[in-house]
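For reference, the structure discussed in these notes is given below.
Lettering of chains follows the sequences in order, A, B, ..., and the numbering in each one begins at 1.
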There are 2 protein chains.
Amino acid sequence: MGASKTESFSFEQNEMATLFKALSHPARIAIVDYLLTVDSCICGDIVNELPLAQPTISQHLKELKNANIIKGTIEGTAICYCINPDTIDKIENHFGMIRHKLKNKCC
Amino acid sequence: MGASKTESFSFEQNEMATLFKALSHPARIAIVDYLLTVDSCICGDIVNELPLAQPTISQHLKELKNANIIKGTIEGTAICYCINPDTIDKIENHFGMIRHKLKNKCC
DNA sequence: TTGTTTTATCGTAATATTGCAATATAATAA
DNA sequence: TTATTATATTGCAATATTACGATAAAACAA
């Protein structure tokens, strides 16, 4: 064993787990943070911003892109990455649901 | 290589990454879901609810506990787990911040 | 005490993630 | 065309995660 038993869980559960997994690394949190501080959706100077090698950043960007947390558009030789607000909405809604269910609970 | 370069990132970035990592597995999402559906904070019949062996559930519960997403109180031989609303708050605040910074952005 | 029930831990195999050097690809410039 | 720049992919070593059988520990009952 060792692999996750994803087939045992619902689509929604797997979907949320995938979103959280994409955000489960400090470098990827830092990338999201950085994309939020720059006013325009600046591209690969993320490599200059973070203490990781270019292939490593590229890999983290790919994971964020696969999870739909960011999207990238080609601009000449560069690629412009930015946050996907729809996915942020989806995560916020999930916590809204949790918050709602948590009302009138003990503990 | 292979280990995360956690020391290269801020406390907050590591903290959020740790929270998301705790939620990055469908079984742990399912545990949180289940704890939200039961009215009282029911304990280890999570084992009966999920298609995973007892040691595996115990391990997942430990990770959720370490991340402060759930807390457990001893009740005789059983242990009663429930959601920690403070941690839910913390995550919601993080997305509140993202939402706020995302206002007036292009892409 | 012994037995029962419930949860945690140990040990280990299978698999996944992280990080980077080397290399490849894509778009533009000269 | 060749060069340059920016990003992606490959390959691999180090490490982490997942899952579970076996076993231990903790709380109570008889």
Side-chain angles (χ1 to χ4, degrees), chain A residues 1-9 13-14 17-31 34-35 38 40-67 69-82, chain B residues 1-9 13-14 17-31 34-35 41-67 69-82:
Chain A
M1 321 288 138
S4 289
K5 298 176 92 177
T6 51
E7 67 297 344
S8 304
F9 302 99
Q13 286 166 342
N14 278 296
T18 300
L19 286 178
F20 292 134
K21 179 177 267 174
L23 294 170
S24 74
H25 192 287
R28 295 195 289 271
I29 297 285
I31 289 172
Y34 180 70
L35 287 177
V38 281
S40 60
C41 22
I42 289 296
C43 9
D45 29 25
I46 300 170
V47 174
N48 299 319
E49 193 69 16
L50 299 191
L52 294 171
Q54 181 268 323
T56 308
I57 299 286
S58 185
Q59 197 173 276
H60 284 306
L61 287 170
K62 190 181 182 183
E63 288 178 63
L64 288 170
K65 213 179 353 174
N66 286 342
I69 290 170
I70 63 174
K71 35 188 179 178
T73 48
I74 298 169
E75 288 195 359
T77 39
I79 294 189
C80 172
Y81 283 109
C82 61
Chain B
M1 324 286 138
S4 289
K5 297 177 91 178
T6 53
E7 69 294 345
S8 303
F9 301 98
Q13 287 166 342
N14 279 297
T18 300
L19 286 179
F20 292 132
K21 179 176 268 173
L23 294 170
S24 74
H25 192 286
R28 295 195 287 272
I29 298 285
I31 289 173
Y34 180 70
L35 288 176
C41 20
I42 289 295
C43 7
D45 30 23
I46 300 169
V47 174
N48 299 319
E49 195 69 16
L50 299 192
L52 293 171
Q54 181 268 325
T56 308
I57 298 286
S58 187
Q59 199 172 273
H60 283 307
L61 286 169
K62 190 182 182 181
E63 286 177 63
L64 287 170
K65 213 177 358 173
N66 286 343
I69 290 170
I70 63 174
K71 34 188 179 178
T73 47
I74 299 169
E75 287 196 0
T77 38
I79 294 187
C80 172
Y81 283 109
C82 62

Do you know the tightest heavy-atom contact between A:Leu19 and A:Ala67? CD2-O, 3.3 Å
Side chains of [X] and [Y] in contact at under 4.5 Å (non-hydrogen atoms):
X	Y	answer
A:His60	A:Leu50	no
B:Lys62	B:Asn66	yes
B:Leu35	B:Ile46	yes
A:Leu64	A:Tyr81	no

Give a yes/no answer on whether the side chain of [X] brings an N or O atom under 4.0 Å of OP1 or OP2 in [N].
X	N	answer
B:Lys62	C:dT7	no
B:Tyr81	C:dT6	no
B:Thr56	D:dC20	yes
B:His60	D:dA19	yes

Applying side-chain contact (heavy atoms from CB on, under 4.5 Å) to B:Gln54 and not counting sequence neighbours gives B:Val47, B:Ser58
Nearest whole angstrom, please: distance from the [atom2] of [N] to the [atom1] of [X].
X	N	atom1	atom2	value
B:Ile70	C:dA8	CD1	C1'	14 Å
B:Gln59	C:dT9	CD	P	10 Å
A:Ile57	D:dT7	CD1	C1'	12 Å
A:Phe9	D:dT18	CZ	P	11 Å
A:Ile79	C:dA26	CD1	P	11 Å
A:Asn48	D:dT5	CG	P	14 Å
B:Ile46	C:dT6	CD1	P	14 Å
B:Leu64	C:dA8	CG	P	12 Å

Please work out which residues in residues 20-28 of chain B have a non-hydrogen atom less than 4.0 Å from an atom of DNA chain C and list them by number. none
Report, as a single string ordered 5' to 3', how protein heavy atoms within less than 4.0 Å touch nucleotides 21-30 of chain D: B base, S sugar-phosphate only, - not at all. BB----BS--
Exam field: side chain B:Arg28 to backbone A:Ala17, donor-acceptor pair closer than 3.5 Å: no
Assign the ring pair A:Phe9 / B:His25 to parallel, tilted or perpendicular, where the plane angle (0 to 90°) is split at 30° and 60°. perpendicular
So CG of A:Leu23 and CD1 of A:Ile31: to nearest 0.5 Å the spacing works out to 10.5 Å
At 4.0 Å (heavy atoms only), tell me whether A:Leu52 reaches a base, stays on the sugar-phosphate, or touches nothing. sugar-phosphate
